[in-house]
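Heads up: the structure comes next, in structure tokens.
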2 protein chains.
Amino acid sequence: MSSQSPASAPNGRRRDAERTRAEILEVAQREFARKGYSGARVDEMAALMRTTKRMIYYYFGNKEKLYIAVLEKAYTEVRKAESAMDVQHLAPVEAIRTLAELTFDHHDAHRDFIKLVSIENIHHAEYLRKSQMLGDLGGPVTGLISRILEAGRAAGDFVADADAIDVHMMISALCFFRISNQHTFGTLFGRDMTAPEHRDRYRKMTGEAVVAYLTGGGRRGAEERGETG
Amino acid sequence: MSSQSPASAPNGRRRDAERTRAEILEVAQREFARKGYSGARVDEMAALMRTTKRMIYYYFGNKEKLYIAVLEKAYTEVRKAESAMDVQHLAPVEAIRTLAELTFDHHDAHRDFIKLVSIENIHHAEYLRKSQMLGDLGGPVTGLISRILEAGRAAGDFVADADAIDVHMMISALCFFRISNQHTFGTLFGRDMTAPEHRDRYRKMTGEAVVAYLTGGGRRGAEERGETG
DNA sequence: AGGCTAACGTACTAGTTCGTTCATTACTGG
DNA sequence: CCAGTAATGAACGAACTAGTACGTTAGCCT
């Protein structure tokens, strides 16, 4: 018999720190996303895991540190996804459009992350600010957008007076709101913005809105009236 | 001596149901917006009022009903503001642009409302759905946008394939995100989107983005390549 | 003036919730 | 194979929190 696998645990070790830690993080992410920081209950999380509450405190110390760990994991995954967005080879207009559509898909697929971000904002990002691991989390995306904007202006495609952070904000706003506000919006207007039958249309709309703004459609009226500046 | 004003209360009656009720709602709105539904403490609210916790329960029954009352008050104020937006006399392009900019200003000025909406979405709008008073809260705005869109299409200004709810979503997304996500965004990108020195630029950007999308700027690239449909 | 009731305050309770204590077991290195 | 340590579990406790019981007072009505 191999020494790595006791008879009592045929499908994995009964004692596995990695696995226990991972499960705690997973369950905690779901619970925090569903109930908010104060609303989530440590005891309830424990009940949803194979292990006990004792382990949450053993690995993470307290509720706040657990929440911060969840945040860090979520943001790390987003950064990974962003760095995988390969749009540099495209012409500026298509690069921005594709970036917007990829961001749309990513938001659509990571709804727990969006809820965590909403929750963080209710708390004025106090926990995010406490996290070390932040580093330059926003740098890569804005760097990418900066290069696209420069190329687009050089080619004469982009005329809007917007920097990389502005463009990132606009893309994020359109992608984020559709998920984050789906419930109140759906209740008030009778449309589930996140329903599959609307997804393609909204993805296209997101890309087109950003491109339209950058290529100057919004100033068309002013130009036609002979205004400048 | 007038019978309405006892000597012991020169500056207003010591017993004033209206005033007490109003103060409870006011404090509760602030606390719920700051801490979320679970995070807000009834005792803490009471400590911030001239009256006591007993009165909260006397007037509102329990924490949930108090929260719903806060929501109803907030939404009522928004609807009032929306119905005051008089843009029908403008040409379609300017009507939409103005509507977007007025919405921008309203969001900028009612940050507690935005937080309450964010909180509601974390709870899947369960409390909003419990409220009676909803009625057709979303009807008036989408009605207004519908009429503008029709006029704009008739005049040949608008070409984008979007209905009133889509347009409202887009405007809301741009206005809402800037406030709702200010803290995480500010932490990650080092820019306070809500700072006064950026406000005018972002207001203009909001109006231009919506107009650009509707007037077809986003499809320019496709048209130039000879694509149709 | 004086009774009646809406409005109010104090003090308490039942239940919850984070975090800990103490004991135990599974692995691993020697 | 055995000792030491990492990992784990059950039960507990102190502090908090929503909600209530009970008593009091202000001000209107006649």
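Note: hydrogens, waters and symmetry copies are ignored here, and every other heavy atom, side chains too, is used. Nothing here was measured: the structure is a model prediction, and the numbers come from that model. Labels below follow one simple rule: chain letters A, B, ... track the order of the sequence lines, proteins then strands, and each chain is numbered from 1.
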Determine: side-chain N/O of [X] to OP1/OP2 of [N], distance under 4.0 Å, yes or no.
X     : N      : result
A:T51 : D:dA7  : no
B:Y58 : D:dG19 : no
B:T20 : C:dC8  : yes
B:T52 : C:dT10 : no
B:Y59 : C:dC8  : yes

Are there over 12 heavy-atom neighbours, none belonging to A:D161, within less than 6.0 Å of that residue's CG? no
Give the rounded distance in Å between these two atoms: [atom1] of [X] and [atom2] of [N].
X     : N      : atom1 : atom2 : answer
A:R19 : C:dA26 : CZ    : C1'   : 17 Å
A:K63 : C:dT17 : NZ    : P     : 9 Å
A:E23 : D:dT8  : CD    : C1'   : 14 Å
B:M55 : C:dT10 : CE    : C1'   : 12 Å

Please tell me which of B:N62 and A:D43 maps to the more 5' nucleotide of DNA chain D, matching each residue to the nucleotide holding its nearest heavy atom. A:D43
Please tell me which of A:R41 and A:G61 maps to the more 5' nucleotide of DNA chain C, matching each residue to the nucleotide holding its nearest heavy atom. A:R41
Using a 4.0 Å heavy-atom cut-off across all strands, classify B:A40 as base, sugar-phosphate, or nothing. sugar-phosphate
Does B:K35 make a cation-pi contact with A:Y37, if we ask for NZ or CZ under 6.0 Å from the ring centre and within 45° of the axis? no
Measure distances between side-chain N and O atoms of A:R54 and base N and O atoms of C:dT21, and say whether any donor-acceptor pair falls under 3.5 Å. yes
Any donor-acceptor pair under 3.5 Å between the side chain of A:K53 and the base of D:dG9? no
Any carboxylate oxygen within less than 4.0 angstrom of a Lys/Arg side-chain nitrogen, looking at A:D200 and A:R203? yes
Please verify the inter-ring angle class for B:H106 with B:H110; under 30° counts as parallel, over 60° as perpendicular, anything in between as tilted. parallel
From the options A:H183, A:R178, A:Q182, A:H107, select the one residue that forms a side-chain hydrogen bond (donor to acceptor under 3.5 Å, both in side chains) with A:T194. A:Q182
